[in-house]
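Any value given below was found using the heavy atoms of this structure, including those in side chains, with hydrogens, waters and symmetry copies removed.
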Amino acid sequence: MELTREMIDQIAAKARSYVAGEKEEAFRKEVEALLEKEDWTALYDAFYTTLAFGTAGMRGVIGGGTNRINTYMVRKVTQGLADYCNAYTASPSVVIAYDSRHWSHDFALSAALVLAANGVRTYLYDTLHPVPMLSYAVRNLKTTAGIVVTASHNPAKYNGYKVYWSDGGQVTPPHDIEIARLANAVATEDIKDISEEEARAKGILSSVPTSVDEDYYTMVISSLRRPDIVKGSLITVAYTPLHGSGNVPVREMLSRLGINCVVVKEQEEPDGAFPTVKLPNPESAEAMTRVIELAKKEKADIVIGTDPDADRMGLAIPTNAQKTDYMLLTGNQIATLLADYLLSTNREMGKRQLRPLVVKSLVTTDLVRRIALENGADCKDVLTGFKYIAREMNAIDKGENRDNFFLFGCEESYGFLTVNEVHDKDAVSSAMAAVEMMCYYASRGVTLQQRLDSIYARYGYSTELVFSRDYEGAEGKAKMASIMASLRALKPGDELARRTIASAQDLLKEGSGFDKADVVILRFESGEKLVVRPSGTEPKIKYYIFLTEGKGGRAALEEGKDAILEAFKAAL
């Protein structure tokens with residue numbers, strides 16, 4: 001893009017204003033150096049927009065500038081959160097956690113000091129803690145809100161800032177809208193500050209009590225359905241925290257259960273550079289390579305991986321009795337296995353009068369729905385984002401839903417929840433549920449692969465194809481909008497990927513059955529279902545193609561998958 005003189009002047013003014021307000025020397029000098037070199041292209045990318053505080057927080061590339069995440073932007077949005085909390089209640093309080101990413105501790109401390117300067121009682125973890133333990137802490141300490149500094153599974157250059165409300169879930173309307181409005185309107189001169197020494201001396205800032213961790217561990221242990229089968233089980237778990245915050249809690253839980261856990265040493269310690277992986281995401285086969293190699297060496301019974309903030313869990317299972325080969329499960333396969341285990345166990349052991357509720361994202365396999373309904377449960381689809389699952393849990397907690405109790409929540413992107421005391425996806429407690437499930441079937445002489453095959457035989461085989469396309473920068477944002485507009489223009493009878501569209505659903509329109517969202521759902525006469533949505537946290541569009549077993553059976557479906565994927569990729 002060719003920059004005009006007017007554009008350069010505007011960017012220069014924004015950059016100088018940022019320099020005046022940025023307290024962190026490293027970020028300030030980065031922008032000062034660009035100004036000195038008159039690198040207007042780099043400055044434009046850093047300042048052409050202001051990183052917005054969205055419906056649950058913000059995420060961006062670490063660096064100097066208003067289109068980056070840095071100390072200034074963290075302080076800016078925290079001032080907006082403080083303003084909202086003070087207007088909402090007379091005695092607000094906030095608890096803050098952070099993961100292993102670069103600058104996470106610094107951003108967390110900066111946020112804590114802005115809150116404290118605004119008279120908000122603030123609890124800050126002394127060490128890195130995962131998302132689920134923050135969600136639990138919000139509920140345990142009964143705080144007004146919570147913050148996690150993390151960019152989840154994104155590449156090392158990213159960091160982020162997520163806000164939680166008093167229920168332990170990510171903020172939802174009306175709180176998210178008002179916090180975003182206030183945060184985005186904050187000017188440099190509005191941001192209040194206090195030193196850490198003064199804040200702690202006044203008692204307005206303190207560390208999170210260690211008892212909160214202990215309460216969380218106790219809760220997870222008590223959530224096990226068949227604890228006697230798990231405790232002391234002679235199995236081996238191979239685990240990788242992928243340099244993140246899951247290392248301590250996952251190993252602590254397994255230790256308390258008396259289960260042998262072997263850990264990938266090169267990925268054990270927290271490291272925001274994530275030096276051993278391209279992407280610290282258990283969805284990635286590459287990220288799970290080392291733990292699977294370790295599993296083969298140690299003959300592990302199950303393989304577990306968690307992302308940096310330990311809200312996503314990946315599993316791999318042995319495919320033969322010799323444990324020389326392992327299969328990495330998809331998010332939908334994990335959801336299917338856990339849903340089947342929890343629902344069948346509840347049916348066998350449950351004595352409640354209420355019906356269990358399973359909540360899944362609309363891009364999670366419908367096989368979960370079929371399993372739920374056959375086991376006497378209700379199943380509800382919600383928009384992508386675990387806050388929508390948390391909202392259904394809140395409806396039960398508040399007595400708005402008197403017919404159900406929460407049993408299981410899942411997203412195909414490796415997000416699972418098997419406990420009611422946490423209101424976001426939880427890789428720690430889900431890992432324990434997966435270990436329990438494996439131990440149970442092993443006690444009956446059944447492997448998890450055999451159980452999965454039996455589920456397919458009973459309910460019908462389903463699979464999915466998922467791909468995404470990245471669109472970085474200002475031009476990428478415009479391209480994403482254009483693509484979504486073209487998909488919205490499609491109607492029944494039109495063709496896409498050499499297939500005739502049977503129905504088209506636009507979730508931005510009224511009457512879709514969902515909250516308004518930038519999502520398009522296309523169903524084809526040939527049986528496929530396509531869901532398209534821009535990511536809420538990354539500059540990309542995600543495409544989900546759902547396939548179900550036809551007349552040719554499972555083998556024919558598997559054989560034709562590659563051709564189907566290529567047809568859709570070419571069309572999209």
Query raised in the report: Should E392 and K380 be marked as a salt bridge (charged side-chain N to carboxylate O under 4.0 Å, His left out) after you check the CA-CA gap, both sets of side-chain angles, and the distance that decides it?
Result: CA-CA 9 Å; E392 298 302 319; K380 183 164 185 177; 3.3 Å; yes
**Report entry** Set of residues satisfying salt bridge (Lys or Arg N to Asp or Glu O under 4.0 Å) with respect to K529, sequence neighbours excluded
**Finding:**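 K529: salt bridge (Lys or Arg N to Asp or Glu O under 4.0 Å) contacts with D366.
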Report task. Just jot down the salt bridge (Lys or Arg N to Asp or Glu O under 4.0 Å) partners of E464, sequence neighbours excluded, or say none. Result ->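 For E464, no residue satisfies salt bridge (Lys or Arg N to Asp or Glu O under 4.0 Å) once neighbours in sequence are set aside.
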Charged N to carboxylate O below 4.0 Å: is that the case for [X] and [Y]?
X: D167; Y: R391; result: no
X: E374; Y: R370; result: no
X: D518; Y: R488; result: yes

Given side chains that start at C-beta, do those of [X] and [Y] come closer than 4.5 Å, heavy atoms only?
X: V77; Y: V186; result: no
X: D309; Y: H153; result: no
X: L279; Y: P155; result: yes
X: I389; Y: F406; result: yes
X: K162; Y: Q170; result: yes
X: L407; Y: V359; result: no
X: S166; Y: T144; result: no
X: R523; Y: I501; result: no

Which atom pair, heavy atoms only, marks the closest approach of [X] to [Y]?
X: A97; Y: H129; value: CB-O, 4.0 Å
X: L81; Y: Y161; value: CD2-OH, 4.0 Å
X: V138; Y: G146; value: CG2-CA, 3.8 Å
X: L343; Y: A372; value: CD1-CA, 3.5 Å
X: A390; Y: H423; value: CB-O, 3.4 Å
X: P282; Y: G305; value: CB-O, 3.7 Å

Query - Axial cation check for Y123 ring with R121, 6.0 Å and 45° limits - result: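 Here R121 passes the 6.0 Å and 45° test against Y123.
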In Å and rounded to the nearest 0.5 Å, what is the [atom1] to [atom2] distance from [X] to [Y]?
X: K360; Y: T384; atom1: NZ; atom2: OG1; value: 9.5 Å
X: I204; Y: S206; atom1: CD1; atom2: OG; value: 9.5 Å
X: F405; Y: I396; atom1: CZ; atom2: CD1; value: 9.0 Å

Query raised in the report: Taking only residues two or more places apart in sequence or in another chain, which ones pass side chain to side chain donor-acceptor pair (under 3.5 Å) with E348?
Result: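 Only R226 meet the side chain to side chain donor-acceptor pair (under 3.5 Å) criterion with E348.
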Query - Aromatic centroids of Y440 and Y341 separated by under 6.0 Å - result: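 Here the rings of Y440 and Y341 have centres that are less than 6.0 Å from each other.
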Report task. Could you walk me through whether E283 and K542 pass the salt bridge (charged side-chain N to carboxylate O under 4.0 Å, His left out) test, one step at a time? Result -> CA-CA 14 Å; E283 290 183 81; K542 300 188 77 171; 5.2 Å; no
